[in-house]
Amino acid sequence: MSRRRELSRRLASLTDIAGIMSAMKGLALMEIRVLQDFLATQRRTVSSIEAAAARFFAWHGELAMTPPATELCILVGSEQGFCGDFNEAILKSWEGPDVANQASENLLVIGHRLASRLDYARPLAQLPGASVADEVPTVLLRLTRELSRSLTANAGRGAGVSVLYHCDATGNLRWRRLLPLRDLPPPARRPYPPDLNLPAERLLAGLIGHYLYAVLNEVLYSSLMAENRQRHAHMDSALNKLDENRARLRLAYNARRQEDITEEIEVILLSAGLSEQEHAVPKRKKG
């Protein structure tokens, strides 16, 4: 009986865990649907700014920045767990040969889960990440403040900005160079230069500011979307495994229950047989 109680307790515990995991899976799916609209809007905004920048540099190529002497790298990880190897993949890629300028003093880390795995490095800043879409603007504000401080400190040497993150569009990690503006789409051929209402240098400064704000928004939304997709898949796989374990426990519980019932029946039959034997023995008469 004690073994059956233990199996019953384990089944109840797995059922509770399954309920929590199902709720987490549902929340991840809800967040994915919310992020879809945000991300689509940001991608259109970034594409528009890149097209405008490409047309600008087609006529003002002399203002294009030279390759920077140093590179500030942003690593975007997760603030929450239960998303598989999301953070481990970021660290593995950052430590690999494809990522240049890996000095930790040029590093900005977003997400406590990722920052906790950087015991050997001392980045410029460790910022909390977003758990839901509504927290992205707050994360972006903190990030832009740190970037502004770092770029101002490195203005004399010339500093670029790059970001390593999970790109939802490709489903893979993406090493993306943000500043100076590069890898722009080819501009549409036009026989006349763009009509500028500001001096070219001032317009470029404003364009860079708008671009950096928009592209970092896209990066944060894309990373959060990829994180929730991975969490949803992780929870789905875990629930399937949990269902298999629950099925095995139910079989073991039912088998043990059948054994207990059989033992009880045997005890009843044995008791009934002993009782019949006692009634069958004649009582001795008193002398």
Side-chain angles (χ1 to χ4, degrees), residues 21 24-25 28 31-32 35 39 42 68-133 135-136 138-147 149-151 153-154 159-179 182-183 212 215-238:
M21 293 172 67
M24 293 176 65
K25 178 182 174 183
E31 199 64 24
I32 289 171
L35 285 165
L39 193 52
Q42 287 306 128
T70 185
E71 193 94 12
L72 298 175
C73 181
I74 305 168
L75 302 185
V76 184
S78 70
E79 184 69 14
Q80 296 180 323
F82 301 104
C83 49
D85 63 343
F86 190 87
N87 296 304
E88 287 73 11
I90 290 284
L91 289 178
K92 185 177 180 180
S93 180
W94 180 67
E95 295 166 354
D98 296 333
V99 178
N101 205 344
Q102 302 175 27
S104 61
E105 62 269 15
N106 297 326
L107 192 63
L108 297 173
V109 181
I110 298 176
H112 283 143
R113 293 279 178 174
L114 177 61
S116 65
R117 289 166 169 77
L118 284 170
D119 297 333
Y120 58 89
R122 292 183 178 179
L124 284 172
Q126 298 180 8
L127 305 176
S131 300
V132 294
E135 296 177 358
V136 169
T138 302
V139 176
L140 181 62
L141 180 62
R142 293 170 180 162
L143 177 58
T144 50
R145 286 175 179 171
E146 290 295 335
L147 272 179
R149 186 181 299 112
S150 300
L151 290 174
N154 290 276
V161 178
S162 299
V163 60
L164 180 63
Y165 68 106
H166 287 268
C167 180
D168 180 68
T170 62
N172 299 314
L173 287 173
R174 184 176 180 183
W175 172 250
R176 190 170 181 178
R177 300 180 186 275
L178 306 181
L179 294 181
R182 46 198 156 179
D183 302 327
L212 192 59
V215 76
L216 287 175
N217 241 331
E218 180 196 346
V219 164
L220 293 175
Y221 281 127
S222 182
S223 177
L224 188 58
M225 172 74 90
E227 177 188 339
N228 277 282
R229 288 191 192 279
Q230 197 158 332
R231 182 175 293 112
H232 182 270
H234 191 60
M235 289 295 104
D236 189 55
S237 176

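We use all heavy atoms of the structure for the numbers below, so side chains are in, but hydrogens, waters and symmetry mates are not. Start at 1 with the first residue, then count along the sequence.
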What pair of heavy atoms forms the shortest contact from [X] to [Y], and how long is it?
X	Y	answer
N87	R113	ND2-CB, 3.3 Å
Y165	V76	CB-CB, 3.9 Å
L35	A133	CD2-CB, 3.6 Å

Tell me whether [X] contacts the main-chain N or O of [Y] through its side chain, where contact means a donor paired with an acceptor under 3.5 Å.
X	Y	value
T144	L141	yes
E135	A130	no
S223	L220	no
S237	A233	no

Kindly determine whether E31 and H232 satisfy side chain to side chain contact (heavy atoms under 4.5 Å, CB included), including the steps that lead there.
-> CA-CA 10 Å; E31 199 64 24; H232 182 270; over 6 Å; no
Report the C-alpha separation of L151 and V161 in whole Å, then their side-chain angles, then the decisive distance to 0.1 Å, and conclude whether the side chain to side chain contact (heavy atoms under 4.5 Å, CB included) test is met.
-> CA-CA 9 Å; L151 290 174; V161 178; 3.9 Å; yes
R229: partners by side-chain contact (heavy atoms from CB on, under 4.5 Å), with sequence neighbours left out | I32, Q36, D168, M225
Is any NZ, NE, NH1 or NH2 atom of the basic residue among E227 and R231 found under 4.0 Å from an Asp or Glu carboxylate oxygen of the other?
-> yes
Any salt bridge between E218 and R176, counting N to O under 4.0 Å?
-> yes
Say you draw a straight line from OG of S78 to CG of L114; how long is it, rounded to the nearest 0.5 Å?
-> 7.5 Å
Give, for atom CG of L75 and atom CG of L107, the distance between the pair rounded to the nearest 0.5 Å.
-> 4.5 Å
Check: V163 and V215 side chains under 4.5 Å, non-hydrogen atoms = no
Are side-chain N/O atoms of S131 and E79 paired as donor and acceptor at under 3.5 Å?
-> no
